[in-house]
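Below: the structure, in structure tokens.
Remember, it's 1-based here, ligands and their atoms both numbered in the order they're listed. The first residue of the sequence shown is numbered 1, and numbering continues consecutively from there. What you see below is based on every heavy atom in this structure, not just the backbone, and it leaves out hydrogens, waters and symmetry mates.
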Amino acid sequence: MGGTQPAARLLIDLDAIIANWRHLSEIASPARCGAVVKADAYGLGATHVVRALLRAGCREFFVALVDEGVQLWEALKSEWPANARIHVLHGPLPGAEATCLSHGLTPVLNSLDQIERWTRLAAYHQRRLSAAIQVDTGMARLGLSPADLDRLQARPSRLDGITTTFLMTHLASAEEADNPMNVLQLERFNAARKRFSQALACLANSSGIFLGSAFHFDVVRPGAALYGVAPTVGQANPMRPVVRIKASLIQCRDVARGEGVGYNHTWSAPCPSRIATVSVGYADGYLRSASNRAKLRLNGEDVPVVGRVSMDTVTVDVSAINPEYLVPGALFDVIDDVQDINALALQAETNAYEILTSLGSRYRREYVGGQKIYP
Ligand SMILES: *Cc1c(COP(=O)(O)O)cnc(C)c1O
């Protein structure tokens, strides 16, 4: 035995990510389309994803943390195009400014304090430094408040030494197309833009791209939709699935009517049943909230999850499955094109972002595609 059969496999389709990026680019055109690759590209591997997107022509990348930007830069600096940029959404914490500069990172400045620290670094180096500036238009998370904008306007020299790449803001409810916050935030953003007449503007996340051209401005910055997350609540998903997960059958057993299965016996067999134990669990991001709700699939047939999801295993009712298929090592589809991350998120009462970013480190990861170079 070579021991090469993995317990669970995670397949990541880089061509689907590129197809999704191109689709978003077309919708947003003439705005340019960037890519948010924070949290290791939503758990899918930032180096692989960014390399594929660079080949497709993407030039604006966004991470959350300085450390994420440093890692990405170190991994790709030998092949980094001169016209590509990594923005750091959180901006630098005190003391991290020089690290940003030495790793070619462009901070998003979210407060007067961050602006002051970045201008101080510019003065020290006696050169202009690039940065985006974020304004808060109603998310109440990151960005300059209206009072901060007044203080900036009262003393414009606060921005001396900064070349503003974009003026930014972030929508709180973009996936709800009819939510009045979207238009309100758009109006507030347009008002803030009047104070920065020179700067390009960048507002839309994935869902924002689907709110219409008024939301596109100069650059859009999708994350989730690139990775197959449905952008708009209640509407068909236009994105291609990116992630597939298969997990191996470990063993099967027959249980009698009334016998309990798994921790705390949250499921008992209503009739004599056959139970398969499959090698994926909540440590792999198969969330506990999927217990007794989600399904796996074997050869195209649904098998319901019964009992609690454990750390390393999930139990499914395979009573209806031809026993010939129930051999150790048989591969169950955990996430496939029929039951994708969006469907699993509904069953597990979370969103598809959390499904993606919870995928653990135990999978054998296999990347397909991403090789083609686009003109
Ligand atoms: C995460 C994030 C995005 C990307 O949002 P998606 O919904 O994943 O497209 C864009 N902008 C900011 C500021 C973010 O934090």
Check your understanding: Under 3.5 Å, N or O to N or O, is Gly223 touching ligand 1 that way?
Key -> yes

Exercise for review: Specify the protein heavy atom at minimum distance from atom 5 (O) of ligand 1: its residue, its atom name, and the distance to 0.1 Å.
Suggested key: Asn205 CB, 3.4 Å

Revision key, fill the gap. Per side chain to side chain donor-acceptor pair (under 3.5 Å), Asp336 is matched among Arg297, Arg244, Lys246 by Arg297

Review point. Is it true that Glu116 and Arg120 have a side-chain N and a carboxylate O under 4.0 angstrom from each other?
Key: yes

Practice item. Determine whether any heavy atom of Pro222 lies closer than 4.0 Å to an atom of ligand 1. Key: yes

**Study point:** Nearest protein heavy atom with distance in Å, relative to atom 8 (O) of ligand 1
**Key:** Tyr42 OH, 2.5 Å

Review point. Do the charged groups of Arg240 and Asp15 touch, with an N to O distance under 4.0 Å?
Key: no

Practice item. Answer side chain, backbone, both or neither: which part of Arg141 comes under 4.0 Å from ligand 1, heavy atoms only. Key: side chain

Practice item. Would you mind checking which non-hydrogen protein atom is closest to atom 2 (C) of ligand 1, with the distance to 0.1 Å? Key: Lys38 NZ, 2.6 Å

Exercise for review: Please name the pair of heavy atoms, one in Val219 and one in Gly34, separated by the smallest distance, quoted to 0.1 Å.
Suggested key: CG1-N, 4.4 Å

Point to revise | Atoms in ligand 1 flagged as close to Ala224, the criterion being non-hydrogen separation under 4.0 Å | key: 6 (P), 8 (O), 9 (O)

Practice item. Give me the other members of the hydrophobic cluster that Leu144 sits in, counting Ile, Leu, Val, Met, Phe, Trp and Tyr linked by side-chain heavy atoms under 4.5 Å, directly or via other members. Key: Leu101, Leu109, Leu112, Ile115, Trp118, Leu121, Leu129, Ile133, Val135, Leu149, Leu152, Leu159, Ile162, Leu167, Leu171, Leu186, Phe189, Phe196, Leu203, Leu211, Phe215, Phe217

Exercise for review: Report the relative orientation of the aromatic rings in His87 and Phe62; use parallel for angles under 30°, tilted for 30 to 60°, perpendicular for over 60°.
Suggested key: parallel

Practice item. Please say whether Ser206 places an N or O atom under 3.5 Å from an N or O atom belonging to ligand 1. Key: yes

Point to revise | Over 12 non-hydrogen atoms of neighbours within 6.0 angstrom of CZ in Arg195 | key: yes

Review point. Which heavy atom of Val309 sits nearest a heavy atom of Ala290, and at what distance?
Key: CG2-C, 4.3 Å

**Study point:** Taking atom 7 (O) of ligand 1 as the reference point, the nearest protein heavy atom with its distance
**Key:** Tyr353 OH, 2.6 Å

**Study point:** Top protein contact for atom 11 (N) of ligand 1, by heavy-atom distance
**Key:** Arg221 NE, 2.8 Å

Review point. Considering only heavy atoms of Leu89, which atoms of ligand 1 have at least one such atom less than 4.0 Å away?
Key: 12 (C), 13 (C), 14 (C), 15 (O)

